[in-house]
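In what follows, chains are A, B, ... by sequence order, proteins preceding strands, each numbered from 1.
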There are 2 protein chains.
Amino acid sequence: MENKIFQNFLEKKGLKLTKERIAVLKEVFSFHDHFEPERLYLRIKNSDSKASRASVYRTLNLLVESGLVEKVTRTEKSNVYEHTFGHSHHDHMICDRCGSITEFYSEKLENLQKEICRSNGFDGKSHTLEIRGYCNKCKKIK
Amino acid sequence: MENKIFQNFLEKKGLKLTKERIAVLKEVFSFHDHFEPERLYLRIKNSDSKASRASVYRTLNLLVESGLVEKVTRTEKSNVYEHTFGHSHHDHMICDRCGSITEFYSEKLENLQKEICRSNGFDGKSHTLEIRGYCNKCKKIK
DNA sequence: TTGAAATTGAGATTAAATATCAATTGAATT
DNA sequence: AATTCAATTGATATTTAATCTCAATTTCAA
Ligand SMILES: [Zn+2]
Ligand SMILES: [Zn+2]
Ligand SMILES: [Zn+2]
Ligand SMILES: [Zn+2]
């Protein structure tokens, strides 16, 4: 469970699991969509367990470092995150018209990337694949 | 040639090919590396044909819109661009230690993505694949 | 209980990118 | 050549996500 994992992660770094960090962790795992830091802060602000904006940003960085959360992409305006613990790895298709995000996964694609890393002598740790274009609905309109 | 393409692009939009825009275009195509807007501005500042910071940013956006330049990635600090006209499509491996960028291309990978788009009813127009990890040199150190 | 280390939050700071706007330029028309 | 007007420029101001600062507070092990 994410709480235990985060606690272990913090312990190894000599950091403490405070009520603010719990508040952020809880909020991040209370829904399963992609989110931006500012939105997350506002959700926490309106919940019963508070944390300051600074703490939200700080904790978010720790969550990424722990592996529980990943940065999906960096848009013009801000970063976009998602919790990944409890979800298997996937990549994203983003519609340039409506902005909708389609998640997909391909074993073949993952293996091919490993192969490409190997042949380039690169020790790949993670990747971000973002396909842009028009989703099923929007491609009919324009 | 890029000048002609840019001129046609501007014409279609009812815009003019000014000396400032030429200066930016020239500088962007004077080297073949990835670059950040601020660095580009400084290069232009030290060249003989000047353009203000505002014009550099504005022209950069036009160059992306024209298809001559692409945004490689958006880092914590700024956007990273590269001119793509004259270069074939490729994806990037980025070293988390030294920041070096390795370009790669795989026909298989490209086809697989097309296949994935098809099976998702997605009309893919472009993609960004960024593999992060350690380059050949850095993986030995850490 | 004590004390060192970690954490917090309010506000300041940073910096990339965009917006503002008066002055200038470009080029088509007379 | 002069007129005209939209486009463009550049200096500066503004925006805003993210980070930093630091005094006050909390945590927890000794
Ligand atoms: Zn979930
Ligand atoms: Zn993947
Ligand atoms: Zn996702
Ligand atoms: Zn490249």
Side-chain angles (χ1 to χ4, degrees), chain A residues 3 6-28 34-66 69-81, chain B residues 3 6-28 34-66 69-81:
Chain A
N3 297 60
F6 194 39
Q7 189 164 28
N8 287 344
F9 166 79
L10 291 173
E11 235 163 57
K12 261 183 211 161
K13 296 204 73 182
L15 303 180
K16 292 157 187 172
L17 184 60
T18 62
K19 63 185 190 307
E20 286 83 3
R21 285 174 180 158
I22 291 172
V24 175
L25 179 67
K26 190 183 163 194
E27 198 61 42
V28 165
H34 306 86
F35 64 91
E36 291 139 53
E38 184 63 19
R39 291 256 185 104
L40 182 69
Y41 166 65
L42 291 176
R43 290 181 66 124
I44 291 169
K45 203 180 172 189
N46 293 331
S47 76
D48 44 347
S49 44
K50 319 279 186 204
S52 70
R53 184 178 273 109
S55 284
V56 169
Y57 274 97
R58 285 187 288 229
T59 305
L60 211 39
N61 285 335
L62 288 172
L63 285 170
V64 169
E65 204 187 328
S66 78
V69 170
E70 281 181 21
K71 194 184 289 182
V72 176
T73 185
R74 183 170 165 75
T75 64
E76 299 312 304
K77 285 297 146 206
S78 72
N79 289 325
V80 176
Y81 296 89
Chain B
N3 297 59
F6 194 40
Q7 188 164 28
N8 286 344
F9 165 78
L10 291 173
E11 233 163 58
K12 261 183 210 160
K13 296 203 74 180
L15 303 179
K16 292 159 188 171
L17 185 61
T18 62
K19 64 183 190 308
E20 287 83 4
R21 285 175 180 158
I22 291 171
V24 175
L25 178 67
K26 189 183 163 194
E27 198 60 42
V28 165
H34 306 86
F35 64 91
E36 290 138 53
E38 184 64 18
R39 292 258 185 102
L40 183 68
Y41 165 65
L42 291 176
R43 290 181 66 122
I44 290 169
K45 204 179 172 191
N46 293 330
S47 77
D48 42 347
S49 43
K50 319 280 184 203
S52 70
R53 183 177 275 110
S55 283
V56 169
Y57 274 97
R58 284 187 288 230
T59 306
L60 211 39
N61 286 335
L62 288 173
L63 284 170
V64 168
E65 202 186 330
S66 78
V69 170
E70 281 181 22
K71 193 182 292 182
V72 175
T73 184
R74 183 171 165 74
T75 65
E76 301 311 306
K77 285 297 147 205
S78 71
N79 289 325
V80 176
Y81 296 90

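Taking side-chain N and O atoms only, B:Ser52 has no distance below 4.0 Å to OP1 or OP2 of D:dA11.
If you take CG of A:Leu62 and C1' of C:dT8, they are 14 Å apart, rounded to a whole angstrom. Straight-line distance from the CZ atom of A:Arg39 to the C1' atom of D:dA17: 14 Å, rounded to whole Å. Rounded to whole Å, the distance from CD1 on B:Ile22 to P on D:dT8 is 13 Å. Atom OH of A:Tyr41 and atom P of D:dT16 are 17 Å apart (whole Å). Taking atom NZ of residue A:Lys45 and atom C1' of nucleotide C:dA10, one finds them 12 Å apart after rounding to whole Å.
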- Message: Before you tell me yes or no, could you show the steps for A:Thr59 and A:Leu63 under side chain to side chain contact (heavy atoms under 4.5 Å, CB included), namely the whole-Å CA-CA distance, both residues' side-chain angles and the distance that decides it to 0.1 Å?
- Response: CA-CA 6 Å; A:Thr59 305; A:Leu63 285 170; 4.2 Å; yes

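Shortest non-hydrogen contact noted between A:Lys16 and A:Leu10 is O-CD1, 3.7 Å. Heavy atoms only, all atoms of each residue included: B:Ser52 and B:Tyr41 are closest at C-CE1, 3.8 Å.
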Write down the protein N/O and nucleotide N/O pairs, taken from nucleotides 13-18 of chain C, whose separation is under 3.5 Å; answer none if there are no such pairs.
| unit_1 | atom_1 | unit_2 | atom_2 | d |
| --- | --- | --- | --- | --- |
| C:dA17 | OP1 | B:Asn79 | N | 2.9 |
| C:dA17 | OP1 | B:Asn79 | ND2 | 3.0 |
| C:dA17 | OP2 | B:Tyr57 | OH | 2.9 |

Anything under 3.5 Å between a protein N or O and an N or O of nucleotides 22-30 of chain D, put it in a table, one pair a line.
| unit_1 | atom_1 | unit_2 | atom_2 | d |
| --- | --- | --- | --- | --- |
| D:dT27 | O2 | A:Lys16 | NZ | 3.3 |

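Residues meeting the salt bridge (charged side-chain N to carboxylate O under 4.0 Å, His left out) test with B:Lys71, sequence neighbours left out: A:Glu76. A search for side chain to side chain contact (heavy atoms under 4.5 Å, CB included) contacts involving A:Arg43 returns A:Glu27, A:Ser30, A:Phe31, not counting sequence neighbours. Judged as a side chain to side chain contact (heavy atoms under 4.5 Å, CB included), and not counting sequence neighbours, the contacts of B:Asn3 are B:Met1, B:Leu25.
Along DNA chain D, the nucleotide nearest B:Ala51 and the nucleotide nearest B:Lys13 are compared for position; the residue whose nucleotide lies closer to the 5' end is B:Lys13.
Pairs passing the salt bridge (charged side-chain N to carboxylate O under 4.0 Å, His left out) check and including a residue from residues 44-65 of chain B, sequence neighbours excluded, read B:Lys13-B:Glu65, B:Glu38-B:Arg53.
Separation of atoms NZ (B:Lys19) and OG (B:Ser55) is listed at 9.0 Å; rounding is to 0.5 Å.
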